[in-house]
A.B. asks: 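Can you read through this structure? Questions will come right after.
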Amino acid sequence: MSMTLDRPTLDSKTPEGPLADKWDNFKANEKLVNPANKRKFKVIVVGTGLAGASAAATLAELGYQVDAFTFHDSPRRAHSIAAQGGINAAKNYRGDGDSVHRLFYDTIKGGDFRSRESNVHRLAQVSVNIIDQMVAQGVPFAREYGGMLDNRSFGGAQVSRTFYARGQTGQQLLLGAYQQLARQIGIGNVRLFNRTELVDVVNIDGRCAGIVVRDLMTGEVSSHSAHAVVLATGGYGNVFFLSTNAMACNVTAAWRAHRRGALFANPCYTQIHPTCIPQSDDFQSKLTLMSESLRNDGRVWVPTMAGDTRAPQDIPESDRDYYLERLYPSFGNLAPRDISSRAAKRAIDSGQGVGPKQNGVYLDFADAIGRLGRNVVAERYGNLFDMYERITGENPYETPMRIYPASHYTMGGLWVDYELMTTIPGLYAAGEANFSDHGANRLGASALMQGLADGYFVLPYTISNYLSQWLNKSIPDTSHPEFARVEAEARDRYHRLASIGGTRSPDYFHRELGKIIWDYCGMERTEAGLDKALSEIPALYEEFSKDLRVTGGEDGLNQTLEKAGRVEDFFELGMLMCRDALEREESCGGHFRAEHQTEDGEALRDDENFAHVSAWEWTGDATQPTLHKEPLAYEEVGFQTRSYK
Amino acid sequence: MSGTLKNLTLKIWRQAGPSDAGRFDTHVIDEITDEASFLEMLDILNERLVESGEDAVVFDHDCREGICGTCSLMINGQAHGPERATATCQLHMRKFSSGDTIVIEPWRASAFPIVRDLMVDRSAFDRIVESGGFITAATGGAPDANLTPIPKPVADAAMDAAQCIGCGACVAACPNGAANLFTGAKVTHLNLLPQGQAERYQRVENMVETMDDHFGGPAPTTVSVRRPARRRSRSM
Ligand SMILES: Cc1cc2nc3c(=O)[nH]c(=O)nc-3n(C[C@H](O)[C@H](O)[C@H](O)COP(=O)(O)OP(=O)(O)OC[C@H]3O[C@@H](n4cnc5c(N)ncnc54)[C@H](O)[C@@H]3O)c2cc1C
Ligand code: SF4
Ligand code: FES
């Protein structure tokens, strides 16, 4: 049938040539669309975070007709706004030995040799352009007194390559990209559909022909066709219910594309961030990140003795365990996230946790305040300290912060080739939504870099390679019956969710699902636990299908119904995550299988059997996905054991 | 550290749509902890409402970290409630006492029509930015970022202004519903920077004109044109 896609193939389309020349070779050989012809093409961009806003603005500048969609009221609200710490770039302004190669290598190593070498190298190459671009747009990055850009260090690197704007780097970068987009909207090159949610993807004749959306204000479901569609819809960290992600972050767009044929890669690679404010009660709906940049000056410790309830000031140095400095002397408090998170979990599991629920470790600034003075510390982290105090009622200038790991970022996502195209021709994925460049663990300050790289410097080039073949050919518009069919399915789905008439809210099910995933597919995974999750999730989903209650009807604005649809997609994704984690019989980066560890408790990779991307195909049954493998090879660096000792 | 559990009376504005007259509904909510945030308290209320068959209270929110500018509540007549430089989502229940009655309303400003209950439409802010709140810098071809040094005090002042979260509290708090603080913050941010110089006059004229089309004004606009407000925006 014409609606179905060919069996997916995993051709990464990596260009020929030595690693450092691949991107240039691609650009030299790709098919272009000449400027006058660009306006004949319509591109849909879903998501207006860093990746989506930068892609939409740039495509429009180039001359394409762009329709941009976001469920937010304004592009400026995207979750990217919340990024605090900074953005990496291989500028080597410090002269401390940084280079494209070093950023490339750090990213490959940080990702525990589970990312695609060619993509990562390109990312490191374009990183330098991002900073130039953002400064030209007026992003007020931190400066030194001489007027030059300032840098800080982030985990997993021994150079200072992180650019920042106080504790609000994501805000300033997103506002920069939003302003570029706003300019294009103002001059009519981009049509913005705000408060509009993608609810399905439409394929016709083996290519993505458009999308079906729901207007969140009216509940109306409608279709939009285009030559190509870009999903820049963010990550799925909210599958854990409690996470540092914004409340509305969800997997629906990527998941709906997956159900229509886009393979989903490495779903079990999730990042648990070591420095979040610990949960304080059972009704909590959101966890707050304390930027990793704090680890530049804060020292992590727990009491040496389990169950020590003395106030931190009363615990002498001799009774403190600065475990990161002890275990990882060369990186110390700046050990990468996965490693720091697991170390915190172990301390807490062994009874050394601090705070009223004994669910935290200390992040202590006493030394830094002594060494630098309170003013310098306030200048660097003042807004984070204020935020901490607002939430906990404690003053971190006086008493150490308490922190604990929480779900933060998802390395997994839609499988894409070198050109960022999914396995559905004409459907692209950018930013956190793709499985991207971070392998099994992302380094701090590299998500903003990747989002902007994808949107500003990669997609605008690669998309013409696909579009050029459609020049002056007609493509199906929304009158094609397939659009009507998919629309009807979407309406039926919301009707079903609105009329179950049970007793429990969507939040109830989300919270319960999150607990299962956190317990069995969180920081440490075991075969038995994953098996358990794979029987508990379908059972809970069954209950959801019978006992969900959505009030407010299906027409018009209904936040409860929006939530129900998103939670339903998290159920299916949750099953795939556990399936992927079970299948991956090794430990790497954020995926730690207790069965596979070294004697001193570090992740034990199995390059023999698992040096591949696991890309899953939807089969119609959430419990029976089909696995495809993209082998990973490292021409330039070779497999190495990751050590931060 | 969980202090006492609080019982509260909430008077919440409910309005079916832009043309509905609207009214206050009273809800009594109990067992709220000090640690709960204000919006978590509303989450708890909503979960109880839904599970008892009633419609949830519609309100806007997302990041819950005081940065996205989505949350927007008038709490006891104050935009974002009683705590200084704190957005609604960062307000915690330790600021309230058991037995308190809390009045919760949407932003009220003619430029921000009420969509439903506590949710308003702030897209007039986007119109202002679209008309000039940017530096024209097409992608690619930007010079090296350190080519133009920017003195730290200038960069810091630009950053102070750039921190505006676009929440609209200033409009809601102003008796005239003016958007001068929002517009002034963006103008200040961009006009202070060397990169923003080429468009500085045009930017201000365009943004102020759009602002005047949508919002009330506390002062003659010519004042804003010549001396864009240089204030420290809400820093979160
Ligand atoms: C608290 C926090 C701090 C962080 N700090 C840093 C940092 O310091 N440095 C760093 O590099 N990274 C950081 N990150 C990670 C980084 O912020 C994100 O990975 C990145 O911003 C994601 O950008 P994005 O454009 O891919 O997606 P997002 O910014 O999440 O945007 C997603 C967009 O898609 C839209 N959307 C989603 N689904 C749909 C749908 N179905 N229909 C319509 N629209 C849809 C949304 O409306 C939104 O516009 C941080 C993350 C968190 C949680
Ligand atoms: S100026 Fe202040 S109150 Fe007004 S929108 Fe900006 S942050 Fe909100
Ligand atoms: S929810 Fe983002 S600022 Fe309050």
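Just so we're on the same page: letters track the sequence lines, and every chain starts at 1.
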A.B. asks: Side-chain contact test, heavy atoms from C-beta onward, threshold under 4.5 Å: evaluate it for A:Leu557 versus B:Met119 and give yes or no.
C.D. replies: yes

A.B. asks: Can you find a heavy atom in the side chain of B:His189 that is under 4.5 Å from one in the side chain of A:Pro140?
C.D. replies: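 They are in contact (side-chain heavy atoms under 4.5 Å apart), so the answer is yes.
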
A.B. asks: Restricting to non-hydrogen atoms, name the atom on B:Val129 and the atom on A:Gln179 that form the minimum distance, rounded to 0.1 Å.
C.D. replies: CG1-CG, 4.0 Å

A.B. asks: Heavy-atom distance under 4.5 Å to chain A: side chain of B:Met41, backbone, both or neither?
C.D. replies: neither

A.B. asks: Do the side chains of A:Val135 and B:Gln195 get nearer than 4.5 Å, heavy atoms only?
C.D. replies: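 They are in side-chain contact.
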
A.B. asks: Looking at chain B, which one of A:Leu181, A:Leu149, A:Ile131 has the largest number of heavy-atom pairs inside 4.5 Å, strictly under?
C.D. replies: A:Leu149

A.B. asks: Name the region of A:Lys91, side chain, backbone, both or neither, that has any atom closer than 4.5 Å to a heavy atom of chain B.
C.D. replies: side chain

A.B. asks: In plain terms, say whether B:Arg84 and A:Asp386 are close enough for a salt bridge, that is, a side-chain N and a carboxylate O under 4.0 Å apart.
C.D. replies: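 Looking at A:Asp386 together with B:Arg84, the answer is no, because their closest N to O distance does not fall below 4.0 Å.
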
A.B. asks: What are the two closest heavy atoms between B:Glu130 and A:Ala182, and how far apart are they?
C.D. replies: CG-O, 3.3 Å

A.B. asks: If you count heavy-atom pairs within less than 4.5 Å of chain B, which of A:Phe163, A:Tyr456, A:Phe283, A:Tyr178 leads?
C.D. replies: A:Tyr178

A.B. asks: Are A:His79 and B:Asp62 close enough that a side-chain donor and a side-chain acceptor fall under 3.5 Å?
C.D. replies: no

A.B. asks: Heavy-atom cut-off 4.5 Å, strictly under: side chain, backbone, both or neither for A:Gln133 against chain B?
C.D. replies: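 For A:Gln133, the contact with chain B is made by backbone and side chain together.
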
A.B. asks: Rounded to the nearest 0.5 Å, how far apart are CD1 of B:Ile67 and OG of A:Ser80?
C.D. replies: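 With rounding to 0.5 Å, CD1 (B:Ile67) is 12.0 Å from OG (A:Ser80).
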
A.B. asks: Check whether A:Gln284 gets within reach of chain B through its side chain, its backbone, both or neither, counting any heavy atom under 4.5 Å.
C.D. replies: both

A.B. asks: Give a yes or no on whether a salt bridge exists between A:Lys286 and B:Glu40, defined as a side-chain N under 4.0 angstrom from a carboxylate O.
C.D. replies: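 Judged by the 4.0 Å cut-off on N to carboxylate O distance, A:Lys286 and B:Glu40 do not form a salt bridge.
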
A.B. asks: Classify the side-chain pair B:Thr136/A:Arg183 by whether it contains a donor and acceptor separated by less than 3.5 Å.
C.D. replies: yes

A.B. asks: Search all heavy atoms of B:Glu65 against all heavy atoms of A:Leu289 and return the closest pair with its distance.
C.D. replies: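 Closest pair (atom of B:Glu65, atom of A:Leu289, distance): OE2-N, 3.7 Å.
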
A.B. asks: Given a strict heavy-atom distance threshold of 4.5 Å, which part of B:Ser131 is in contact with chain A: side chain, backbone, both, or neither?
C.D. replies: neither

A.B. asks: Give, for atom CZ of B:Phe134 and atom CD of A:Gln180, the distance between the pair rounded to the nearest 0.5 Å.
C.D. replies: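 Rounded to the nearest 0.5 Å, the CZ-CD separation comes out at 8.5 Å.
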
A.B. asks: For A:Glu379, is there an ion pair with B:Lys152 - N to carboxylate O distance below 4.0 angstrom?
C.D. replies: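 A salt bridge is present here (some side-chain N lies under 4.0 Å from a carboxylate O).
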
A.B. asks: Checking heavy atoms, do the side chain of B:Asn46, its backbone, both or neither come under 4.5 Å from chain A?
C.D. replies: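 No part of B:Asn46 comes within 4.5 Å of chain A.
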
A.B. asks: As an exercise: rank B:Arg127, B:Arg94, B:Lys186, B:Arg116 by heavy-atom pairs under 4.5 Å with chain A and give me the winner.
C.D. replies: B:Arg94

A.B. asks: Do A:Arg76 and B:Asp126 meet the salt-bridge criterion of a basic N to acidic O distance under 4.0 Å?
C.D. replies: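 No, no charged N to carboxylate O under 4.0 Å.
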
A.B. asks: Counting only heavy atoms closer than 4.5 Å, note whether A:Asn129 contacts chain B via side chain, backbone, both or neither.
C.D. replies: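 Neither; nothing under 4.5 Å.
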
A.B. asks: For B:Thr148, which atoms come within 4.5 Å of any heavy atom of chain A: side chain, backbone, both, or neither?
C.D. replies: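 Just its backbone gets close to chain A.
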
A.B. asks: What residue, out of B:Ser52, B:Ala56, B:Ala138, has the most heavy-atom pairs lying under 4.5 Å from chain A?
C.D. replies: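 Option with the top pair count is B:Ala138.
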
A.B. asks: Should B:Phe125 and A:Asp73 count as side-chain neighbours, where that means a heavy-atom distance under 4.5 Å?
C.D. replies: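 SC-SC contact between B:Phe125 and A:Asp73 ruled out.
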
A.B. asks: Considering only heavy atoms, which portion of A:Leu287 lies under 4.5 Å from any heavy atom of chain B: side chain, backbone, both, or neither?
C.D. replies: backbone

A.B. asks: If you count heavy-atom pairs under 4.5 Å between each of B:His92, B:His61, B:Arg48 and chain A, which one has the most?
C.D. replies: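 Top option by heavy-atom pairs under 4.5 Å: B:His92.
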
A.B. asks: Taking only Lys NZ, Arg NE, NH1 and NH2, and the carboxylate oxygens of Asp or Glu, determine whether A:Arg504 and B:Glu51 approach each other closer than 4.0 Å.
C.D. replies: yes

A.B. asks: Tell me which of these, B:Gly196, B:Ala158, B:Gly166, has more heavy-atom pairs under 4.5 Å with chain A than the rest.
C.D. replies: B:Gly166

A.B. asks: Where on B:Val115 is there a heavy atom nearer than 4.5 Å to chain A: the side chain, the backbone, both, or neither?
C.D. replies: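 Just its side chain gets close to chain A.
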
A.B. asks: Counting only non-hydrogen atoms closer than 4.5 Å, does A:Thr560 touch chain B with its backbone (N, CA, C, O), its side chain (CB onward), both, or neither?
C.D. replies: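 A:Thr560 touches chain B through side-chain heavy atoms alone.
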
A.B. asks: Side chain, backbone, both or neither: which part of A:Gln84 has a non-hydrogen atom closer than 4.5 Å to chain B?
C.D. replies: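 Looking at A:Gln84, just its side chain touches chain B.
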
A.B. asks: Under 4.5 Å from any heavy atom of chain B, what part of A:Tyr508 do you find: side chain, backbone, both or neither?
C.D. replies: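 It is both, since atoms from each part get that close.
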
A.B. asks: Rounded to the nearest 0.5 Å, how far does CE of A:Met247 lie from CG of B:Leu39?
C.D. replies: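 The distance works out to 8.5 Å.
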
A.B. asks: Heavy-atom distance under 4.5 Å to chain A: side chain of B:Asp43, backbone, both or neither?
C.D. replies: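 Contact with chain A is through the side chain of B:Asp43 alone.
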
A.B. asks: Please step through side-chain contact (heavy atoms from CB on, under 4.5 Å) for the pair A:Thr551 and B:Glu54, ending with a clear verdict.
C.D. replies: CA-CA 6 Å; A:Thr551 51; B:Glu54 292 176 58; 5.8 Å; no

A.B. asks: Might you work through the side-chain contact (heavy atoms from CB on, under 4.5 Å) test for B:Ile165 and A:Gln171, ending with a clear yes or no?
C.D. replies: CA-CA 8 Å; B:Ile165 62 173; A:Gln171 179 197 30; 3.8 Å; yes

A.B. asks: If every non-hydrogen atom of A:Glu61 is compared with every non-hydrogen atom of B:Thr139, which pair is closest and at what distance?
C.D. replies: OE1-N, 2.8 Å

A.B. asks: Which distance, rounded to the nearest 0.5 Å, do you find between the CD of B:Glu35 and the OG1 of A:Thr392?
C.D. replies: 9.0 Å

A.B. asks: At what distance, to the nearest 0.5 angstrom, does OG of A:Ser285 lie from CZ of B:Arg64?
C.D. replies: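 Answer rounded to 0.5 Å: 4.5 Å.
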
A.B. asks: Answer yes or no: are there more than 12 heavy-atom neighbours, outside B:Phe96 itself, under 6.0 Å from its atom CZ?
C.D. replies: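 Correct, the count exceeds 12.
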
A.B. asks: For chain B, which candidate among A:Gly186, A:Gly138, A:Ala78 shows the most heavy-atom pairs at distances under 4.5 Å?
C.D. replies: A:Gly138

A.B. asks: Distance alone, cut at 3.5 Å: any donor-acceptor contact between the side chains of A:Arg390 and B:Thr86?
C.D. replies: yes

A.B. asks: Thinking salt bridges, do B:Glu47 and A:Arg511 make one under a 4.0 Å N-O criterion?
C.D. replies: yes

A.B. asks: Taking all non-hydrogen atoms of both residues, which atom of A:Asp132 and which atom of B:Pro143 are closest, and how far apart?
C.D. replies: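 Shortest heavy-atom contact: CB-O, 3.4 Å.
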
A.B. asks: Using non-hydrogen atoms only, which part of A:Ile391 is less than 4.5 Å away from chain B: side chain, backbone, both, or neither?
C.D. replies: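 Both parts, backbone and side chain.
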
A.B. asks: Heavy-atom distance under 4.5 Å to chain B: side chain of A:Met217, backbone, both or neither?
C.D. replies: side chain

A.B. asks: Could you tell me the separation between the CZ atom of A:Arg77 and the CG atom of B:Asp60, rounded to the nearest 0.5 Å?
C.D. replies: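 A:Arg77 CZ to B:Asp60 CG: 7.5 Å, rounded to 0.5 Å.
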
A.B. asks: Between B:Leu49, B:Thr70, B:Leu193, which shows the greatest number of heavy-atom pairs under 4.5 Å with chain A?
C.D. replies: B:Thr70

A.B. asks: For a side-chain contact (heavy atoms from CB on, under 4.5 Å) check, start with the C-alpha distance between A:Arg166 and B:Gln163, then their side-chain angles and the critical distance, and finish with the verdict.
C.D. replies: CA-CA 10 Å; A:Arg166 295 199 186 138; B:Gln163 291 183 117; 3.4 Å; yes

A.B. asks: So for atom CG, which belongs to B:Asp30, do other residues, nucleotides or ligands contribute more than 12 heavy atoms lying within a distance under 6.0 Å?
C.D. replies: yes

A.B. asks: Between B:Lys95 and chain A, which part of the residue has a heavy atom less than 4.5 Å away: side chain, backbone, both or neither?
C.D. replies: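 Nothing of B:Lys95, per the 4.5 Å heavy-atom cut-off to chain A.
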
A.B. asks: Measure B:Leu190 against the heavy atoms of chain A and call it side chain, backbone, both or neither at under 4.5 Å.
C.D. replies: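 Only the side chain of B:Leu190 comes within 4.5 Å of chain A.
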
A.B. asks: Count the heavy-atom pairs under 4.5 Å between each of B:Val58, B:Asn146, B:Leu91 and chain A, then report the option with the highest count.
C.D. replies: B:Asn146

